[in-house]
Amino acid sequence: MPVDLNGYWKMISSDNFEDYLKALDVNVAVRKIATLLKPDKDISHVGDHIVIKTLSTFKNYNMDFHVGKEFEEDLSGVDDRKCMTTISWDGDKLVCVQKGEIEGRGWTHWVDGDELHLELRAGGVVSQQVFKKS
């Protein structure tokens, strides 16, 4: 059985996020705002249906998906692109592959104790974020 991601998670660290946003070609004003934010994650996980809400004072982003089923993801408000997204389990890690204009785009979530880790990837750039369960 995959790891249980359910819960409310508060960001405690973020590394290399501005370079990740540059790789997505996010404009400088939005990058500056985004790097100042410490978003929370509210995750609901029932079977293969997962909802990940990324919540901040600037903008919220919701992902609602079924593990293993490809869907068109609308990234309006992130980098204003659409891509074909597939999210699957690799052991205890939830791995997202986003096919579109940016090569190597995706992310991986995993839990270590009471911490949720997020690795963001785009165009050869990697950003690491850590969240603590509250």
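- No side-chain heavy atom of V130 sits under 4.5 Å from any side-chain heavy atom of L116.
- Note that CH2 of W110 and CG of L118 are 8.0 Å apart. Values are rounded to the nearest 0.5 Å.
- One distance of note links CG of D48 with CZ of F65; it measures 10.0 Å at 0.5 Å rounding.
- Side-chain contact between C96 and T85 is present, with at least one heavy-atom pair separated by less than 4.5 Å.
- In this structure, the side chain of S56 engages the main chain of K59 through a donor-acceptor pair within 3.5 Å.
- The hydrophobic cluster containing W9 does not contain V51, counting ILVMFWY residues as joined when their side-chain heavy atoms lie under 4.5 angstrom apart, directly or transitively.
- Both W107 and M11 are part of a single hydrophobic cluster, where members link through side-chain heavy atoms under 4.5 Å apart.
- Linking ILVMFWY side-chain heavy atoms closer than 4.5 Å, directly or via other members, places L120 and M63 in a single hydrophobic cluster.
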Side chain to side chain contact (heavy atoms under 4.5 Å, CB included) evaluation trace for V67 with L94: CA-CA 9 Å; V67 175; L94 191 62; 4.2 Å; yes
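- Looking at N27, its side chain does come within 3.5 Å of a backbone N or O of V30 through a donor-acceptor pair.
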Derivation and outcome, side chain to side chain contact (heavy atoms under 4.5 Å, CB included), residues I12 and Q129: CA-CA 8 Å; I12 58 173; Q129 297 180 340; over 6 Å; no
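- Taking the charged nitrogens against the carboxylate oxygens, D114 and K133 have no contact shorter than 4.0 Å, which rules out a salt bridge.
- With rounding to the nearest 0.5 Å, the separation of CG in L5 from CG in D92 is 9.5 Å.
- Residues L55 and Y8 are in side-chain contact: their nearest non-hydrogen atoms beyond the backbone lie under 4.5 Å apart.
- Between Q98 and C83, the shortest heavy-atom contact is CB-SG, 3.6 Å.
- Within 6.0 Å of CD on E103 lie no more than 12 heavy atoms contributed by other residues, nucleotides or ligands.
- When the side chains of ILVMFWY residues are joined at heavy-atom separations under 4.5 Å, either directly or via intervening members, F131 and V126 end up in two distinct hydrophobic clusters.
- Distance check: L37 CG to T35 OG1 gives 8.0 Å after rounding to the nearest 0.5 Å.
- Between R105 and D79 there is a salt bridge, with a side-chain nitrogen of the basic residue lying less than 4.0 Å from a carboxylate oxygen of the acidic one.
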CA sep, side-chain torsions, deciding dist, call: H109, H117, side chain to side chain contact (heavy atoms under 4.5 Å, CB included): CA-CA 6 Å; H109 265 306; H117 293 259; over 6 Å; no
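- From Y20, atom OH reaches atom CG of D15 across 15.0 Å, with rounding to the nearest 0.5 Å.
- Counted by atom type alone, S127 and R121 present zero donor-acceptor pairs between their side chains at under 3.5 Å.
- R81 and E73 are not joined by a salt bridge, as no carboxylate oxygen comes within less than 4.0 angstrom of a charged side-chain nitrogen.
- Checked by atom type, the side-chain pair K41/T54 shows a donor-acceptor distance below 3.5 Å.
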Side chain to side chain contact (heavy atoms under 4.5 Å, CB included) between L75 and Y61, intermediate numbers included: CA-CA 9 Å; L75 293 156; Y61 183 71; 3.3 Å; yes
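- The aromatic ring centres of W89 and H45 sit less than 6.0 Å apart.
- There is a path of hydrophobic side-chain contacts, each under 4.5 Å, that joins V111 to I43.
- The line from CD1 of I52 to CG of N62 is 10.0 Å long, rounded to the nearest 0.5 Å.
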